[in-house]
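Values below: every heavy atom of this structure, side chains too, minus hydrogens, waters and symmetry copies.
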Amino acid sequence: CALPILAMEQQTISIAKAGITTVLNSRAAVLAAANPPSGRYDDLKTAQENIDIQTTMLSRFDLIFIVKDEKSFNRDLEIARHIVGVHRRAGESTIMDNSDNAKDNFLKRYIEYCKHK
């Protein structure tokens, strides 16, 4: 795990492969996500304790956003039904669909037609 810290600190990466040794510039944007070690965010702990990432790594990020999932059985059930419905309808053809969305979306229907030709 030291390589990402080194690349972020010095903005270079040393590579030694097949007898060739070189140093490359490294400039990158890093987007990371972490779950709390306990599985649920604990409001009584600090953000750093909830994230549980080394201080040296955490200090390299310019912005840190905490996104909490509030417990709501009804909302979770609604999201789960939506996800299952999307996957259930994924194989349906838009040619057979008589809904207004399919009629309005000519390009989508044309592409589907071409796929089946």
*Asks:* Could you walk me through whether I51 and I64 pass the side chain to side chain contact (heavy atoms under 4.5 Å, CB included) test, one step at a time?
*Replies:* CA-CA 10 Å; I51 296 171; I64 297 173; 4.1 Å; yes
*Asks:* I'd like to know if E78 and R75 make a salt bridge, using a cut-off of under 4.0 Å between side-chain N and carboxylate O.
*Replies:*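 So E78 pairs with R75 through a salt bridge.
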*Asks:* Honestly curious: do I20 and I13 fall in one hydrophobic cluster under the side-chain, below-4.5 Å linking rule?
*Replies:*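 In one cluster: no.
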*Asks:* Answer yes if F65 and Y41 sit in the same cluster of Ile, Leu, Val, Met, Phe, Trp and Tyr residues linked by side chain heavy atoms under 4.5 Å apart, and no otherwise.
*Replies:*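 No, F65 does not connect to Y41 through the hydrophobic network.
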*Asks:* Apply side chain to side chain contact (heavy atoms under 4.5 Å, CB included) to L24 and T12, showing your working.
*Replies:* CA-CA 5 Å; L24 302 173; T12 61; over 6 Å; no
*Asks:* Taking the side chain as every heavy atom from C-beta outward, state whether V86 and V84 have any pair of such atoms under 4.5 Å apart.
*Replies:*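 The answer is no; the side chains never approach within 4.5 Å.
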*Asks:* Give the C-alpha distance, both sets of side-chain angles, the deciding distance and a yes or no for side chain to side chain contact (heavy atoms under 4.5 Å, CB included) between T55 and Q48.
*Replies:* CA-CA 8 Å; T55 307; Q48 185 173 355; 2.6 Å; yes
*Asks:* Using only atom types and a distance under 3.5 Å, with no angle test, would you say the side chain of N50 pairs donor to acceptor with the backbone of P36?
*Replies:*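 Checked: no pair found.
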*Asks:* Could you grab the distance from atom CG of D76 to atom NZ of K71, nearest 0.5 Å is fine?
*Replies:*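 Going from the CG atom of D76 to the NZ atom of K71 covers 10.0 Å.
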*Asks:* Sequence neighbours excluded, which residues qualify as salt bridge (charged side-chain N to carboxylate O under 4.0 Å, His left out) partners of D43?
*Replies:*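 In terms of salt bridge (charged side-chain N to carboxylate O under 4.0 Å, His left out), with neighbours along the sequence ignored, D43 is linked to K68.
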